[in-house]
Every structure is written in structure tokens, then in C-alpha cells.
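This report concerns only the one structure given below.
Quick note: numbers below take in every heavy atom, side chains included, and nothing from hydrogens, waters or symmetry partners. Being a predicted model, the structure only gives us computed values, none of them experimental. Each chain gets a letter, A, B and so on, in the order its sequence line appears, and its residues count up from 1.
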There are 2 protein chains.
Amino acid sequence: MTDILGPVATRRKAVLTPLGAATIDGNSFLGAWQARNADKTIPHCVENIESSGVIQNFRRLADAGPDGPAGAFQGLWFADSDLYKTIEAIGWEQGRSGTDRYDALLAELADLFEKVQLPDGYLDTYVQGTPDAVAFAHPEYAHELYCAGHLMQAAVALHRGSGDERFLAVARRLGDMIVKRFGEDGEPVIDGHPEVETALVELYRETGEEAYLRAAELQVERRGHRTLDPGRFTPAYYQDHLRVREATEAIGHSVRQLYLGAGVTDLYLENGDETLLEAMEKLWDSAFHTKMYITGAHGSRHRDEAYGDPYELPPDRAYAETCASIAAFQWCWRLLLATGKSRYAEEMERTLLNAIAASTSATGTEFFYSNPLQLRTGHNGDDEDSPSERLSWYSCACCPPNLARLLASVHSYAATADDNGLQLHLLTAGTFEGPSVSATVVSAYPWDGDFEITVRGSGELAVRVPSWAVGATASVDTKPAPGDYLRVPVHDGETIRLSLPMKPRLIRADDRVDAVRGCVAVARGPLIFCVEQADLPEGVLVEQLRLDPSAEITEEWASDDVTPLRLHLSGLVKKDQPDLYAPYEAPPAGDTPVSFTAIPYHSWANRGPGAMRVWLPLT
Amino acid sequence: MTDILGPVATRRKAVLTPLGAATIDGNSFLGAWQARNADKTIPHCVENIESSGVIQNFRRLADAGPDGPAGAFQGLWFADSDLYKTIEAIGWEQGRSGTDRYDALLAELADLFEKVQLPDGYLDTYVQGTPDAVAFAHPEYAHELYCAGHLMQAAVALHRGSGDERFLAVARRLGDMIVKRFGEDGEPVIDGHPEVETALVELYRETGEEAYLRAAELQVERRGHRTLDPGRFTPAYYQDHLRVREATEAIGHSVRQLYLGAGVTDLYLENGDETLLEAMEKLWDSAFHTKMYITGAHGSRHRDEAYGDPYELPPDRAYAETCASIAAFQWCWRLLLATGKSRYAEEMERTLLNAIAASTSATGTEFFYSNPLQLRTGHNGDDEDSPSERLSWYSCACCPPNLARLLASVHSYAATADDNGLQLHLLTAGTFEGPSVSATVVSAYPWDGDFEITVRGSGELAVRVPSWAVGATASVDTKPAPGDYLRVPVHDGETIRLSLPMKPRLIRADDRVDAVRGCVAVARGPLIFCVEQADLPEGVLVEQLRLDPSAEITEEWASDDVTPLRLHLSGLVKKDQPDLYAPYEAPPAGDTPVSFTAIPYHSWANRGPGAMRVWLPLT
């Protein structure tokens with residue numbers, strides 16, 4: 001049993017409340033993914049955290065003799081956080097399945113953490129294990145509060161998942177150090193990478209200790225004073241360019257922007273400062289209405305892993321970091337709790353089923369860090385930031401354990417309760433138990449649009465109707481309105497049926513998204529599709545395809561390693577032109593008709609490297 | 001008098017020879033630019049080199065007491081090269097105009113260089129002035145041979161320009177150190193940033209010392225053995241991924257790639273190894289036929305300042321570094337000398353009149369480092385790598401002095417001679433003196449397409465006819481063939497007339513350049529045009545314009561601070577759409593007719609910051 005946002009505090013401003021009990025059907029898309037996460041991804045993370053030396057970084061400090069630690073620190077300076085996110089995944093997984101698979105590991109880690117943590121509560125194996133490194137000497141860079149945040153969040157997950165007290169005690173000592181050192185009269189330090197804000201709020205929720213909430217407030221209020229040395233970056237990179245109430249444009253390093261959004265919203269949920277919520281909803285508009293990929297990914301620039309200008313959304317050089325998608329999901333969740341607006345749940349679903357789903361291989365053990373919407377024929381995949389296939393691990397390994405912790409807890413994001421009843425946000429088969437209304441959902445969504453929802457208890461059942469579901473029907477008097485919740489009074493034992501139209505559709509981007517001018521994307525239900533070289537006839541390249549928007553799209557269902565569903569499209573093969581630049585009047589080189597196949601974007605790159613594109617030029 | 005490639009060596013393989021005497025008419029486009037370079041840009045560089053501490057880096061070493069130098073090294077670790085390029089510009093300028101404006105500065109610098117240079121010839125103020133820095137300990141990073149190359153090239157320019165011997169002696173001692181330390185039996189070290197290759201060839205040309213040519217050969221042959229530690233980059237970033245004869249794709253850091261191309265071609269020009277020329281022409285195809293912007297700029301990625309995949313040419317995030325355009329120009333020049341093919345001269349002109357010309361302000365004192373082909377409304381210009389306007393100087397100040405040295409010598413690239421006569425490559429008013437044929441060209445090109453060429457001597461006159469000049473006419477029997485040289489037998493006193501059609505034209509990109517799908521660029525003669533916000537009617541944004549390709553384009557001539565020529569285009573204003581993503585069938589928001597103005601790309605951003613685009617979507 002997991003409560004993703006912990007016990008309700010006195011000042012909580014959430015209009016919706018996370019559920020105490022939620023289970024996703026193991027046969028559903030999300031359920032199978034969650035099972036794969038438990039069986040493959042989490043063990044893979046544990047293995048790689050060990051083999052890449054992250055745990056060793058703790059052991060060498062724990063075993064240090066009078067001459068200091070032996071050997072050298074391994075990995076990037078914030079590698080501790082990779083371990084903490086893996087522990088967080090284990091915590092949620094213990095809560096979900098009761099697994100005892102990691103008990104020995106956790107016992108060793110608790111020993112190590114207790115040994116390595118300094119008497120004042122400080123814990124950071126890079127700073128502690130590097131000669132001449134000084135705690136908090138470089139907050140713009142060192143990630144110490146970022147790592148501290150991930151440790152707190154991991155301890156909270158373990159405490160919620162299995163009642164573990166040892167990690168929570170370590171986290172509290174760390175939190176107490178932060179309260180003391182960076183409290184009201186302390187040093188006005190913020191971290192170059194937001195994360196500790198939401199973690200301090202979570203630690204407050206878990207312990208009831210208001211000092212942590214106050215520390216989170218100070219972290220948020222101190223942003224935007226340009227106290228961080230920007231070095232070769234700009235203050236925006238660090239989210240230190242404007243106060244949080246003044247910033248209206250999503251900008252800078254995308255994960256930092258989105259984690260900060262989640263942290264500020266978390267703070268609002270507890271302290272009820274409406275000016276924070278107002279600022280967050282405005283900022284969200286910028287991020288989600290001018291800078292988001294159709295897959296739900298964020299951050300178009302490789303340089304500085306940053307948001308671009310509005311509408312700067314190139315599909316080929318989409319950085320679209322997996323962690324940014326996860327952070328977007330987390331921010332939306334907090335805004336959903338704060339407002340109950342369906343748009344936040346809809347964007348959670350978009351990024352979860354497209355950008356986030358694409359970042360893990362069918363095997364569960366290979367990952368994309370960046371998630372482009374186009375891979376060209378002849379792409380050079382030598383750079384770790386734009387490989388042609390998912391990699392088993394990364395030198396900057398933030399994404400895989402971030403996926404692990406999200407998937408281990410994904411059931412907790414599917415539904416909420418309020419005084420009226422139950423709300424279903426992430427549509428999936430499963431069982432969701434609220435205080436007044438519970439529901440069991442039977443569905444093959446996202447492959448199929450039919451839902452059979454059987455209710456226990458009495459009250460209001462609210463089911464999110466996606467904005468694309470024009471023509472949805474339901475077995476009730478109320479007509480489902482796309483982009484809103486279908487709200488139905490229900491009684492014990494009733495079954496409600498909802499049917500969403502699943503006909504493939506074509507989507508165009510705003511004209512200002514220059515990079516996909518003259519193109520459409522193919523979607524079906526919540527899934528965005530793509531064309532991959534592996535499905536094309538011999539001699540036809542992805543780049544040569546032109547889609548006929550008037551041609552019928554047909555579906556092919558099959559048991560398949562890659563996807564159960566393929567879409568068949570029609571169009572032309574455009575012959576290559578001889579010149580890079582030529583007179584506009586030059587005759588086209590000649591086209592030939594072609595039928596071709598699209599697969600869900602989330603399943604691409606599971607058959608070896610090859611070209612791919614989401615946005616298809618029109619005939 | 002300047003000979004851009006020095007005296008002819010015994011084994012020289014050039015089919016064309018630089019001229020001993022060339023003058024560009026001061027009233028012409030190029031001539032006025034060259035004068036502005038002399039009057040404004042070079043003095044501005046000298047001022048900023050001084051104020052940014054680059055000369056001080058030498059003084060602090062020269063003045064160092066027994067406790068070592070006082071103060072700290074200033075600027076980036078390769079800042080010496082900014083000074084060297086400025087000196088090179090002065091050298092060419094002395095050769096061109098005989099200026100004595102910099103004599104005192106040069107005398108001080110010669111004193112400093114002689115004092116700071118170590119007894120073995122080593123000279124690098126960063127390494128010499130940084131505690132614990134060791135010479136050549138980090139060749140992938142330290143730029144020591146890169147800086148050495150720029151010093152040699154500067155000394156060669158001064159020697160050719162004014163006969164200066166002091167800098168040449170410093171350069172020779174440095175060259176001798178390289179020969180000794182990295183000779184056949186020495187350390188097999190190459191530099192992470194190519195540049196020393198072409199400089200060693202130049203030093204060989206200037207001194208006749210074959211050991212420098214051999215050292216250049218070793219530098220070239222040692223590339224691609226993956227001896228450089230790639231760190232966070234790939235071997236391709238450093239041009240160390242493949243041997244120079246094996247590399248067929250332009251890749252990695254674009255300036256490094258293009259400088260290496262110039263160096264290898266320079267080596268071929270002297271050692272005559274045909275396999276080098278063959279490799280260079282193949283590599284050139286990749287760079288110029290799949291990865292070049294229509295402005296002649298190279299390198300589409302901000303990340304790692306790198307070439308992208310083939311056809312990955314986004315106009316908004318074009319990195320298009322000024323130094324890459326200059327390097328492309330230099331590589332083309334060497335290939336032109338090696339082959340006599342007009343395509344190399346045509347690409348020199350393209351980048352010179354568009355990408356390179358755009359990188360300096362009308363005042364001559366502000367510069368673009370990156371040269372995008374689109375700037376969006378709402379662009380955030382805080383990053384030095386994508387400012388909204390030209391900046392006076394950069395923390396990495398490689399581009400301004402690179403412009404200064406190119407413009408001070410640009411007359412030397414305009415024409416060549418061979419046994420048959422004279423060849424005119426960069427079309428411009430001026431006087432060009434070959435051994436058998438000399439010519440005085442009268443023309444207002446690139447604004448006008450008419451040329452009156454008066455000849456002295458007898459032989460063959462070859463005039464390049466650009467490939468866009470379909471319908472060119474001449475006062476001779478031979479019909480001008482676009483993309484080739486018009487070759488005419490001439491006699492003393494004759495005047496030849498050539499007329500190039502200057503009607504504005506629309507250009508489309510290869511379909512594989514996804515980023516500009518559905519768009520055209522407007523060109524007139526060799527100039528690419530752009531639309532800038534400053535010229536648009538109130539309430540119309542650059543992003544809303546759609547060009548009607550069938551509408552007539554009219555010209556407006558005026559005396560103007562920005563440009564003498566504006567083009568008037570017709571089309572529609574597209575109303576903004578409400579949703580980032582919407583069903584393809586959604587009706588358009590409504591368009592209104594509009595007339596709008598385009599100006600030459602090279603003159604944009606001279607009227608304050610504002611949106612701009614080269615590629616215009618069609619109605």
C-alpha cells in the first residue's frame with residue numbers, strides 16, 4: 001500500500017487526495033510495464049549501481065582508515081542520487097508487492113549510510129570522498145541538496161512501503177542539518193538543481209515536522225535572487241533568473257525547471273499560498289502549450305539540456321530527456337491534486353504512454369536518455385546523448401532509476417478521492433479504493449477504448465474523458481464531454497460503461513512549429529505512432545515517404561514482440577533530389593505510390609538501429 | 001603586396017597560382033567592407049585584445065620575478081590565438097595599405113614574445129603562466145599547437161606584408177621545437193584542434209625549410225589513430241576518429257573539421273600526394289552538398305559546435321559559427337588552387353557574401369559568433385551563443401580577429417594566374433595583375449550584374465559564371481555557361497563585357513532538409529535575403545507571413561543605413577492558431593493579404609533586436 005503524497009497535513013490545499021489502495025491489472029499495458037519494471041528494470045538498476053561503483057563510493061568512506069579513503073570516487077559527482085532513486089523504487093515496490101528481494105541490500109545500505117553520514121547530518125560521498133572538496137562551497141554545481149532531496153524521497157518511500165525507520169532517521173538527520181544550516185537565520189543557499197524542495201515537503205508530510213516545510217519555503221523563496229554563480233551558463237539554467245512568482249516562461253535546463261515546478265506546487269499543497277499556484281499554472285501554460293513535444297517530452301535543446309524558444313520543437317534534435325518527461329508527469333500530478341483539472345491528468349497520460357514509455361526497451365533493461373521524434377538515415381549515434389538505440393546504462397545515469405521509481409509507483413497516480421467520491425485519471429484496468437467509492441475497471445486500454453467500471457460504495461464516480469475522444473459514449477444519462485470528467489452518481493454494485501472512439505487520427509502542429517511544417521502525426525487513442533525503417537519495403541527510406549491524408553488507415557492486430565498493433569498508411573515515395581539547393585521551379589524528381597506501416601512511438605528501436613519519424617510529410 | 005600562399009615551392013601541385021598584386025575597388029561592396037575592416041574592425045580587435053587581458057598575459061610572464069608571475073592568467077586558455085590572429089590581420093593590412101599605425105604595438109609584442117618564449121622555442125602564456133600546467137600534457141584540450149599555428153601564420157603574414165623578421169624568428173624557433181619534439185622519432189602528439197597543419201605548410205613556404213612540411217605531414221598522418229583522450233566528447237569531435245584518407249563524412253566540431261580540410265589540402269599542394277586530394281574532394285562533397293546552409297554557413301549543432309547528420313539544417317538553431325564559414329572559405333580556396341574547379345570559388349563567394357558578411361555589424365565593431373537563419377519572436381538572447389544582436393566581444397573571442405584577418409587579405413582570394421592567363425573567381429570591381437594577363441574590372445556587383453573587364457597583356461581571361469546565372473550574356477563569341485568559367489583569348493587593351501541576370505529568384509531546399517519543408521528562400525544574384533521584423537507592418541509578426549511564390553517581386557533602391565536594396569514580396573498573414581496540437585482537419589484561422597519587405601541576409605540585425613527568417617513558408 002502506497003500513498004504517493006503521504007498523510008494529509010492540517011494546511012493541505014489539495015482538492016483531490018491520493019488513494020490508500022490502488023492496483024493496476026497485471027495484464028493491462030500499464031500493469032505489464034509495472035511488472036517488467038519489477039522483474040527487469042529495478043534489478044538492472046541495482047546491478048549497474050553496483051558495477052558502476054556508486055555503492056563502492058559509500059563503502060570506501062565507511063572503510064576509510066586514518067589516511068582517508070582508499071581508491072577514487074567513481075562516476076559523476078552526483079552519482080549518490082542514482083542509488084537513492086533506486087532505493088526509492090525499491091521502497092514503492094515493497095509497498096506494492098511486499099517484495100523482500102532487496103532486504104539484504106537495504107540492510108547493508110542502511111549500515112553504510114549510518115557510518116558515512118557525518119555527525120551533523122551531512123552526507124555526500126563525492127564531497128566527503130574528494131580531497132579539498134568543501135561542503136556547500138559550490139551550490140550552483142555540486143548537487144549536494146539535490147542528492148539530499150533524493151535521499152529524503154527514498155527514505156519516505158521506504159517508510160511508506162515497508163515502515164522502514166533506519167533510512168528515515170538518516171533522512172531526518174540530513175533534513176535537520178538543512179534546517180539548521182540554511183534556516184531563517186542561516187546561509188541563504190539554494191542548489192543549482194532543484195529537487196530538495198519537493199523532498200522537504202515530503203519529509204514534512206511523513207514526519208509532521210514543520211521545520212522541513214519551512215525549509216522548503218525558504219528554498220523556494222530564495223530562488224531568483226541570482227545568488228548562484230552562473231559560470232558558463234545563465235541564471236535561467238539554474239532557475240535562479242526570476243523569483244518563482246515572476247517567472248512566466250518555461251526556460252533553462254528542463255529537468256530543473258520541471259522539478260522546481262513540482263516543488264513549488266508541493267509547497268502550495270501544504271502552505272496554501274495561492275500566489276504560488278497562480279504562478280505555477282501560468283508557467284505550466286508556457287511549458288505545455290508552447291514548448292512540449294506531441295509525445296509529451298520537454299526540452300528541445302541538447303545544449304544545456306534546455307527548453308528552447310516558444311515553438312522551437314525540432315523532432316530530430318529533440319533532447320526530450322527522459323527525466324524531463326518524468327518531472328513533467330510529477331508536476332502535472334501535483335497540479336491535478338491542487339486543482340482537479342483534467343488537463344493535468346491528460347498531460348500525465350500523454351507523456352507516460354509516449355515519451356516515457358518509449359524510453360525503456362521491450363526487455364526492460366535498455367534506455368533512452370534523449371527521446372527524439374526523428375532519427376535520420378545515416379544518423380551518427382556515437383554520442384551518448386543521441387544514440388541510435390537504447391543503451392544499457394549511461395555515464396550520467398539519472399534516467400534509468402528515475403524510470404524505476406516512477407513505474408514502481410505508477411498505480412498511485414491513476415486515481416484519487418475527494419469528499420464526493422472517486423476520480424479515475426490514468427485510464428487503465430485495475431482496482432481503485434477510495435473512502436466512499438471504489439471501482440474495478442476492466443479494459444484493454446490503450447489498445448481498446450471500452451471501459452467497464454464496477455463500483456463499490458456510493459457517491460460520485462468521475463472518469464476522465466480525453467480531449468481527443470470526440471464522440472465518446474457512456475451507459476449513463478450524462479454525455480461524455482471530451483477534455484472533462486464524466487461525473488456520475490453511483491451506487492454499490494453498479495457497472496458503468498464508457499466507450500472512447502479509437503479511430504486513427506491525423507494531428508497537425510501549430511504553424512509556428514516550423515520544424516514540422518507540412519507534416520502530420522498519426523495518433524490512435526492516447527498513443528502517438530511513428531514510421532520505422534524496419535517496416536518499410538526494400539529500397540524505400542523513411543525520408544522518402546509522403547502520407548496521403550485522405551487515404552484510409554487500416555489496423556493490423558497480431559501477437560508480436562514489438563507491438564500488438566500496426567497501422568497501415570498510404571502515400572508516395574519521393575525520389576531523392578540531386579541538389580541541396582535548387583530553383584523553386586525545378587520539376588520534382590518523380591513519385592511512386594506506396595503503402596507503409598506505423599507502429600506506436602513507444603515501441604520504436606526494438607529491432608536494431610534504423611531511421612524513424614513521428615511527423616510525416618504530406619503528399 | 002600580399003601573396004596569400006607564399007612563394008612557389010618545387011613540389012607545388014597548385015594548378016592556379018595566387019597573384020602578386022590585387023586591389024579591390026574601395027567603392028565596391030568588398031572594397032568598402034575591407035576599408036571598414038581596416039578603419040574599424042582591426043582597431044576594435046586590438047582594443048579588446050588589450051582590455052580583455054590577452055596582451056597582459058604576455059606582460060605578466062615577461063615581468064615575472066623570482067616568485068613567478070603576478071596576477072592571474074586572463075581569458076580562455078587559448079586566448080593567445082586571438083592576439084595572433086589580430087597580428088595576422090595587421091600583417092595583411094600592412095601588405096595591402098602599408099599602414100604604420102601598429103608599428104609601436106608590434107615592436108612591444110615582438111619584445112614580449114622574445115622574452116616569454118622559452119629557450120627551446122615553446123610559447124604558450126596559459127601553460128607557462130598556470131601553476132602545475134605541463135606542456136603538451138593534454139593535447140586533446142590545451143590548444144598549444146593550435147595557438148602555435150596561429151602564431152606561425154601571423155609571422156608569415158607580417159613577413160609577407162612588411163618583411164618583418166622578428167616574429168618570423170619567433171615562429172621558426174617554435175616550428176623548430178615542433179620539428180624536434182614531434183618529429184619522426186619524437187612523440188606522436190597531435191592537437192585536439194587542427195590549425196598547425198596549414199601553418200607549418202605556410203612556414204615551409206615562407207622559409208623553404210622542408211622540416212616544417214615534414215612536420216605538417218606527420219600531423220596529418222597521425223590523425224585518426226584515436227590517440228587523443230576523448231573525455232566527454234567523441235574522437236570525431238577532435239578529428240581523431242578516422243585517418244584523413246578514410247573519412248568521407250564531415251563530422252564533429254565544424255571548425256576543426258574545416259581547418260583540417262584546409263591543412264590537408266595545403267599539404268597536398270606541396271607534397272603532391274593525390275590520395276590526399278581525392279579524400280578532400282570526397283569529404284568536401286559531404287560538407288557542402290549535405291550539411292551546408294544556404295548562406296554558406298557550416299555546423300548546425302550548438303552542442304559541441306558540431307556538424308549534424310546529413311540534411312540536419314535547422315535555421316533557428318543553426319550554430320553556423322563565423323569561424324566555420326571562414327574555415328570553409330579557406331578550405332575552398334586551397335581546393336580551388338589544387339583543381340581550378342569553379343564550384344570551390346562559388347562556395348567561397350556564397351559564404352563570404354552571406355554567412356561571413358552577416359557576422360559583422362554595419363559599424364564594423366559588433367559581431368555574431370553563431371549565425372542563425374531564423375530568430376523567433378520571443379527569442380531569449382541571454383546566451384552568448386545565441387544573442388539577439390551582434391555583441392561587441394565574446395568570452396571566446398575567436399571570431400572577430402578571424403574576420404579581421406580574412407578581410408585584410410580578401411583581395412588576394414579574388415583572382416589567380418596560370419600559364420594560360422588570369423582567372424577571376426570572386427567577382428568584384430578591382431585590378432588584378434597576373435604574369436601574362438592583368439585586368440581592371442568595373443562593376444557594382446553584387447548589386448548589379450554587369451562587368452566591364454579591361455585587359456592588359458595577352459593570353460586567356462577566365463571569368464567565373466555563377467551557377468545561378470542562367471541567361472548570362474557576354475560581348476564575346478563564347479556563350480557563358482553557368483557553373484563554369486567563361487574563357488576568352490584576350491589581347492592588350494581589350495574590354496570584355498559580361499552581364500549576369502539579377503532577377504530575384506526563389507530557392508527550395510532538398511526535401512530531406514525537414515526543417516525548411518514548405519518554404520523557399522529569396523535570392524538575388526549571390527545574395528540570400530531575409531525578412532526582418534523591423535520592416536513589417538504594425539501587428540504582423542515574422543512568423544505569420546506566407547509568401548505567394550507566383551507574385552511578382554519588385555526592387556526598391558535607396559540610400560540607406562542598412563542596405564541599398566529592398567525586395568517587396570506578396571503573400572498572406574496567417575492568424576495564430578489556438579492549439580499547439582490539433583486535428584489535421586481543423587479549419588485554418590483565416591488569412592489576410594500582405595505585402596512585405598526582404599533585405600539582404602548580411603544586413604540583418606542592424607536596427608535593434610527582432611525576429612528574422614530566411615526561409616519563408618509558402619501560401
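A 4.5 Å side-chain heavy-atom check between F288(B) and L580(A) finds every atom pair outside the cut-off.
Between D383(B) and R303(A), no side-chain nitrogen of the basic residue sits less than 4.0 Å from a carboxylate oxygen of the acidic one, so the salt-bridge criterion is not met.
Annotation: maximal heavy-atom pairing with chain B below 4.5 Å, among R517(A), H302(A), E585(A), occurs at R517(A). Options T377(A), T234(A), D316(A), D511(A) differ in how many heavy-atom pairs under 4.5 Å they form with chain B, and the most are formed by D511(A). Between chain A and the residues D579(B), V516(B), D385(B), the most heavy-atom pairs under 4.5 angstrom are made by D385(B). Comparing H289(A), R505(A), R301(A) by heavy-atom pairs within less than 4.5 Å of chain B, the highest count is held by R301(A). The greatest number of non-hydrogen atom pairs below 4.5 Å with chain B, out of E312(A), E543(A), E384(A), M292(A), is found for E312(A).
Between the D309(B) side chain and the N380(A) main chain, a donor and an acceptor come within less than 3.5 Å of each other. Judged by distance alone, with hydrogens and angles left aside, the side-chain atoms of Y581(A) form a donor-acceptor pair with the main-chain N or O of I294(B) at under 3.5 Å. Remark: the backbone N or O of R512(A) is paired with a side-chain donor or acceptor of R376(B) at under 3.5 angstrom.
Looking at Q544(A), neither its backbone nor its side chain comes within 4.5 Å of chain B, counting heavy atoms on both sides. H379(A) touches chain B through backbone and side chain together, each having a heavy atom under 4.5 Å away. Heavy atoms closer than 4.5 Å to chain A are found nowhere in R232(B), neither backbone nor side chain. In this structure, chain B has no heavy atom under 4.5 Å from any part of S395(A). Proximity to chain B involves both the backbone and the side chain of P310(A), based on heavy atoms less than 4.5 angstrom apart. Only the side chain of R317(A) comes within contact range of chain B, with heavy atoms under 4.5 Å apart. For I251(A), the part sitting under 4.5 Å from any heavy atom of chain B is the side chain, from C-beta outward, and nothing else. Neither the backbone nor the side chain of Y237(A) comes within less than 4.5 Å of any heavy atom of chain B. Proximity to chain B (any heavy atom under 4.5 Å) is shown, for A509(A), by both the backbone and the side chain. Contacts between A582(B) and chain A at a heavy-atom distance below 4.5 Å involve backbone atoms as well as side-chain atoms.
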Check against side-chain contact (heavy atoms from CB on, under 4.5 Å), W615(A) and D514(B): CA-CA 10 Å; W615(A) 289 98; D514(B) 296 292; over 6 Å; no

